[in-house]
Amino acid sequence: MQPNWTTILNDGFGWGTAEAFGEKLSHHISSPILTISYFDDDVFEMNIYLNGSQQTGQIWCSDLTREDYGLREDGADISILVNILGHQHAAELNEFLAIEGCEEAIGKLEQMIGIPLWIHSDWFGDMEDEDVKLQFKQYNFN
């Protein structure tokens, strides 16, 4: 959807840690930061940060999971998403936000933004798809 996306993969990111990193990073980068967290096919969380604060977000999960983890029920603000991703994507974004299942929602988002989301940083050594490999540069900050 948007040119020049930056994807950050980190073996230490887990559900809840990507959001904190995205919020901190948004203090230093003027572009919106999209964070994605996925946990055991039970929870898919998407948030957008700008200037150090969360602009919008949504959590996909079952009612039981929402209750067990005390997760919020509010949905993403479509106007913020349309503003960031483009008005031409409004209908597709509405369809995406209406999806109930975690796996289906993350698949739809991956299709919409054209970036692999079912990916982990340590998979690159075994990956056969050269086109996907070319989309990423690996940096080691440890």
Side-chain angles (χ1 to χ4, degrees), residues 1-125 127 129-142:
M1 275 186 164
Q2 296 291 314
N4 302 315
W5 282 81
T6 299
T7 302
I8 299 173
L9 305 172
N10 184 314
D11 296 335
F13 283 162
W15 177 40
T17 59
E19 294 77 17
F21 182 80
E23 183 177 355
K24 288 178 186 175
L25 185 61
S26 74
H27 281 285
H28 306 285
I29 295 177
S30 61
S31 298
I33 304 296
L34 169 69
T35 63
I36 302 292
S37 290
Y38 199 86
F39 178 68
D40 283 351
D41 292 336
D42 291 328
V43 179
F44 164 39
E45 183 172 0
M46 175 199 73
N47 292 291
I48 294 181
Y49 298 90
L50 185 62
N51 300 323
S53 67
Q54 181 185 17
Q55 302 299 299
T56 192
Q58 184 160 318
I59 297 174
W60 287 260
C61 64
S62 70
D63 290 337
L64 181 60
T65 299
R66 189 175 307 282
E67 186 179 313
D68 286 349
Y69 289 103
L71 302 174
R72 68 181 192 271
E73 290 190 45
D74 55 328
D77 185 331
I78 187 71
S79 65
I80 292 172
L81 294 173
V82 167
N83 188 46
I84 292 170
L85 299 172
H87 295 282
Q88 69 275 23
H89 302 292
E92 193 172 21
L93 285 165
N94 273 318
E95 290 174 20
F96 163 64
L97 295 175
I99 294 171
E100 292 186 17
C102 296
E103 190 172 338
E104 184 183 354
I106 201 164
K108 177 69 172 176
L109 180 59
E110 183 177 65
Q111 173 195 2
M112 286 171 30
I113 64 177
I115 297 172
L117 297 174
W118 291 109
I119 196 164
H120 198 272
S121 64
D122 61 359
W123 295 349
F124 289 110
M127 190 175 289
D129 189 336
E130 290 298 321
D131 290 335
V132 171
K133 284 173 126 176
L134 291 173
Q135 293 180 26
F136 294 90
K137 292 180 185 176
Q138 187 171 3
Y139 298 95
N140 187 349
F141 294 106
N142 296 327

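Sequential numbering from 1 along the given sequence is applied to the chain's residues.
- Note: Ser31 OG to Leu25 CG = 10.0 Å, rounded to the nearest 0.5 Å.
- Side-chain contact between Leu81 and Leu97 is present, with heavy atoms from C-beta onward closer than 4.5 Å.
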- Item | Criterion ring-ring contact (aromatic ring centres under 6.0 Å, His included) on Phe96 and Trp60, from CA distance to verdict | CA-CA 11 Å; Phe96 163 64; Trp60 287 260; 5.0 Å; yes
- Task: Apply side-chain contact (heavy atoms from CB on, under 4.5 Å) to the pair His27 and Tyr49, showing each step before the final yes or no.
- Result: CA-CA 9 Å; His27 281 285; Tyr49 298 90; over 6 Å; no
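- Summarising the geometry of Gly75 relative to Gln58, their closest heavy-atom pair is CA-OE1, 3.4 Å, with the distance given to 0.1 Å.
- Counted by atom type alone, Ser53 and Gln55 present one or more donor-acceptor pairs between their side chains at under 3.5 Å.
- Counting heavy atoms from C-beta on, the side chains of Phe44 and Glu103 never come closer than 4.5 Å.
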- Can you list the steps and then say if Cys61 with Val43 is a side-chain contact (heavy atoms from CB on, under 4.5 Å)? CA-CA 5 Å; Cys61 64; Val43 179; 4.2 Å; yes
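- The structure places CD1 of Ile113 at 6.0 Å from CD1 of Ile36, a figure rounded to the nearest 0.5 Å.
- The structure places CG of Asn83 at 10.0 Å from CD1 of Ile48, a figure rounded to the nearest 0.5 Å.
- With sequence neighbours excluded, the residues forming a salt bridge (Lys or Arg N to Asp or Glu O under 4.0 Å) with Glu95 are Lys108, listed by chain and number.
- Atoms CE and CG, from Met112 and Leu85 in turn, are 6.5 Å apart once rounded to the nearest 0.5 Å.
- Between the CD1 atom in Ile33 and the CG atom in Asn51 there is a gap of 10.0 Å [rounded to 0.5 Å].
- Listed by chain and number, the residues in a salt bridge (Lys or Arg N to Asp or Glu O under 4.0 Å) with Asp63 amount to none (sequence neighbours excluded).
- Proximity of a side-chain donor or acceptor of Thr56 to a complementary backbone N or O of Asp77 within less than 3.5 Å is detected.
- Side-chain atoms of Arg72 do not come within 3.5 Å of backbone N or O of Ile59 as any donor-acceptor pair.
- Residue Leu34 holds its CG atom at 12.0 Å from OG of Ser26, rounded to the nearest 0.5 Å.
- Looking at Leu50 and Ile80, their side chains never come closer than 4.5 Å, going by heavy atoms from C-beta outward.
- With sequence neighbours excluded, no residue forms a salt bridge (Lys or Arg N to Asp or Glu O under 4.0 Å) with Glu23.
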